[in-house]
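Here the structure is laid out as structure tokens; the discussion comes afterwards.
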Amino acid sequence: MSQPAPLDPSPKLDLSPLSVPDLLCTSAMTTRDIERVFAVARTLKAGRTVHTDVLRHKRLAMIFEKDSLRTRFTFDIGMQDLGGSAVFMDHRDARLGSRESVKDVAKNLERWVHGIVARTFKHKVLEELAMHTGIPVINGLSDFVHPCQALSDFFTLSEKWGSVKGRTLTYVGDGNNTCHALIHTAVKLGTNIRVCSPEGYEPNARVVNEAMRVAQETGTEVTILNDPDAAADGADAIYTDVWASMGQEDEIEERNGIFAAYQVDEEMMARAKQGALFMHCLPAHRGWEVTQEVMDGPQSVVYDIAENRLHVQKAVLALLIR
Ligand code: CP
Ligand code: NVA
């Protein structure tokens with residue numbers, strides 16, 4: 001019987017620069033950039049803790065204006081796995097730029113650290129940080145997009161399916177940051193994307209128009225609709241997110257009424273392909289955007305996605321930080 005090959009202690013990673021200096025939005029990445037992130041993530045995931053040479057002695061600043069479990073833990077652990085460290089700044093009491101200008105924050109940080117992860121309300125703040133610093137800025141969620149999430153989502157799908165090309169991902173719910181990032185990423189990777197929201201809660205028209213343009217090049221389909229039954233029909237995966245995002249807490253009651261028909265339940269999953277996957281970025285609210293049966297059922301891959309946040313973000317860090 002042949003022995004499994006021993007783990008290579010220093011597997012070759014292609015860490016040549018991506019076409020982008022920052023990760024603000026996956027729309028700025030090329031398809032090749034995304035595939036390179038996935039390739040490095042696969043190698044890192046296989047070797048897990050044997051890569052402490054990759055970012056040895058590098059430091060990451062993490063500034064969060066909102067709560068986080070997954071993003072905060074995975075970036076911190078990811079830096080440690082790669083031989084570096086992370087410093088966390090809780091900014092929930094004040095928006096970035098309130099004590100001193102965003103420019104000065106950027107100019108100070110670049111003297112001490114090698115990269116920044118920021119979770120902000122305004123996407124513009126991330127752009128401003130990136131504009132004023134020579135170190136990479138990574139979007140850990142803004143009101144506009146959640147690129148690290150979408151990369152982990154599609155990495156997980158590629159693990160499950162082998163290839164995401166030609167498959168159909170249906171997103172049901174609010175046309176929010178998670179949704180925008182999924183749209184941007186799907187069309188780059190050749191995945192058809194359907195977004196189904198109540199009227200008035202559709203994704204940003206500019207995101208959709210830009211995605212439709214890219215979709216023509218990649219031969220994919222972008223469909224925006226309001227009918228959950230039609231959206232679920234024959235889908236390869238169904239994705240949902242909270243109905244009220246962080247910062248929209250005062251709209252929760254109103255939104256719970258408006259979104260009620262958009263809950264992902266077993267009936268909706270039954271309209272999708274047999275064995276279709278259920279996805280959620282988390283945190284999830286069982287009984288609201290998803291039923292407990294679906295969330296905890298056999299088609300749910302929510303914890304696989306959460307696990308992959310670690311591996312995919314390690315790849316992003318390894319590819320961006322110099
Ligand atoms: N999905 C996600 O970004 O989770 P956190 O808000 O816990 O970081
Ligand atoms: N749309 C959610 C995602 C959380 C990870 C929010 O912005 O709160």
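Order of listing sets the numbers, starting from 1, for every ligand and every atom in it.
- Formation of a donor-acceptor pair under 3.5 Å by the R95 side chain with backbone atoms of R92 is not found in this model.
- An N or O contact shorter than 3.5 Å is missing between K66 and ligand 2 by distance.
- For H180 and F144, the distance between ring centers is under 6.0 angstrom.
- Under the 3.5 Å distance criterion, the side-chain polar atoms of R119 are matched with a main-chain donor or acceptor of G140.
- Side chain to side chain, Y201 and N226 fail the donor-acceptor criterion of an N or O pair below 3.5 Å.
- Inspection of the T240 and E289 side chains reveals no N or O donor paired with an N or O acceptor under 3.5 Å.
- Close contacts between ligand 1 and R309 involve ligand atoms 1 (N), 2 (C), 3 (O) [criterion: under 4.0 Å to a heavy atom].
- Taking only nitrogen or oxygen atoms, main chain and side chain alike, L282 reaches within less than 3.5 Å of ligand 1.
- Judged purely by atom type and a 3.5 angstrom limit, R255 has no side-chain atom pairing as donor or acceptor with the backbone of E249.
- Remark: ligand 1 and H146 share an N or O pair separated by less than 3.5 Å (distance only, no angle test).
- Counting protein heavy atoms only, atom 8 (O) of ligand 2 is closest to M246 N, 2.8 Å.
- Interface of L69 with ligand 1, defined as ligand atoms under 4.0 Å from a residue heavy atom, comprises 5 (P), 7 (O), 8 (O).
- With a heavy-atom cut-off of 4.0 Å, K66 does not touch ligand 1 at all.
- Inspection of the N177 and Q149 side chains reveals no N or O donor paired with an N or O acceptor under 3.5 Å.
- With no hydrogens or angles considered, a side-chain donor-acceptor pair links D33 and T30 at under 3.5 Å.
- Ranking protein heavy atoms by distance to atom 3 (C) of ligand 2, first place goes to D241 OD2, 3.7 Å.
- Atoms of ligand 1 lying under 4.0 Å from at least one heavy atom of R70, given by number and element, are 1 (N), 2 (C), 4 (O), 5 (P), 7 (O), 8 (O).
- Geometrically, ligand 2 and V242 share no nitrogen or oxygen pair separated by less than 3.5 Å.
- With a 4.0 Å heavy-atom cut-off, ligand 2 is reached by the backbone of L282 but not by any atom from C-beta on.
- In terms of protein heavy-atom proximity, atom 6 (O) of ligand 1 is nearest to R119 NH1, 2.8 Å.
- Scanning the protein for heavy atoms near atom 7 (O) of ligand 2, the closest one is N177 ND2, 2.9 Å.
- The environment of Q216 atom CD is sparse: at most 12 non-hydrogen atoms of other residues, nucleotides or ligands sit within 6.0 angstrom.
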